[in-house]
Amino acid sequence: MKFTAFIRTSFALAMFGFSVSSFATANLENGKEIDQHKCYSCHSKKTAFGNGDAIYTRSDSKVNSLAKLKSMVERCNTELRLDLFPEDEADVTAYLNKQFYKFKP
């Protein structure tokens, strides 16, 4: 039982370390380009103003942490079949965080 808890804790810490390090090495230009080419048009359709960036700054945003932002980027990639690699997801997450959300990593 203790061994299982140890393995789970070790795995969680390893994943956290991977997330933080991949976030720190993210390519913001790639994230911006992906956002503009694959995200903006869909988000424009979802807002009343035709402004794809408005979805990031709305008052009723479901994204209220870096973990939720990462999860939302992953969800969009999977459900919309955007064909982004994990590195691309990290780049988009880092770009959106820097540009709009400003969560602490």
Side-chain angles (χ1 to χ4, degrees):
M1 187 73 160
K2 289 182 181 181
F3 182 72
T4 304
F6 172 76
I7 294 296
R8 285 184 188 160
T9 302
S10 298
F11 180 74
L13 289 173
M15 292 307 294
F16 176 75
F18 175 74
S19 297
V20 170
S21 66
S22 65
F23 188 77
T25 60
N27 181 333
L28 296 176
E29 287 301 316
N30 184 48
K32 180 178 181 178
E33 183 176 325
I34 292 169
D35 176 57
Q36 290 175 345
H37 289 46
K38 295 199 174 204
C39 308
Y40 189 88
S41 64
C42 182
H43 289 174
S44 293
K45 294 173 190 172
K46 290 185 175 207
T47 65
F49 306 110
N51 177 353
D53 291 343
I55 204 162
Y56 305 127
T57 58
R58 65 185 190 189
S59 61
D60 64 337
S61 178
K62 297 175 187 175
V63 176
N64 54 18
S65 71
L66 187 55
K68 286 190 179 180
L69 175 59
K70 183 178 184 300
S71 175
M72 192 63 83
V73 170
E74 289 171 354
R75 182 179 307 148
C76 285
N77 184 30
T78 301
E79 291 182 6
L80 300 174
R81 298 181 181 146
L82 299 177
D83 297 326
L84 300 179
F85 292 106
E87 298 82 16
D88 294 328
E89 288 180 358
D91 293 347
V92 171
T93 300
Y95 167 72
L96 293 176
N97 188 53
K98 183 173 194 249
Q99 187 69 25
F100 300 103
Y101 295 102
K102 317 242 188 283
F103 299 123
K104 301 269 187 223

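Separating the CD atom in Glu33 from the CG atom in Asp88 is a distance of 10.0 Å, to the nearest 0.5 Å. Atoms CG and NZ, on Asn27 and Lys32 in that order, are 12.0 Å from each other to the nearest 0.5 Å. Residue Ser61 holds its OG atom at 9.0 Å from CG of Leu69, rounded to the nearest 0.5 Å. With rounding to the nearest 0.5 Å, the separation of OH in Tyr56 from CG in Asp35 is 3.5 Å.
A heavy-atom distance below 4.5 Å is not found between the side chains of Cys39 and Tyr95. Under the 4.5 Å side-chain criterion, counting only non-hydrogen atoms from C-beta, Leu66 is in contact with Thr93. Residues Asn77 and Val73 have side chains not in contact (no heavy-atom distance under 4.5 Å, counting atoms from C-beta outward). For the pair Glu87 and Asn30, the minimum side-chain heavy-atom distance is 4.5 Å or more.
More than 12 heavy atoms of other residues, nucleotides or ligands lie within 6.0 Å of NZ in Lys102, so this atom counts as buried by the packing criterion.
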Met72 and Leu96: CA distance, side-chain angles, deciding distance, side chain to side chain contact (heavy atoms under 4.5 Å, CB included) verdict
CA-CA 11 Å; Met72 192 63 83; Leu96 293 176; over 6 Å; no
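In this structure, Asp91 contributes its side chain and Leu28 its backbone to no donor-acceptor pair below 3.5 Å. At least one donor-acceptor pair closer than 3.5 Å links the side chain of Ser44 to the backbone N or O of Tyr40.
Taking Glu74 as the reference, Lys70, Glu89 meet the side chain to side chain contact (heavy atoms under 4.5 Å, CB included) condition, with sequence neighbours excluded.
Of all the heavy atoms in Thr57 and Phe100, the pair that sits closest is CG2-CD2, 3.9 Å.
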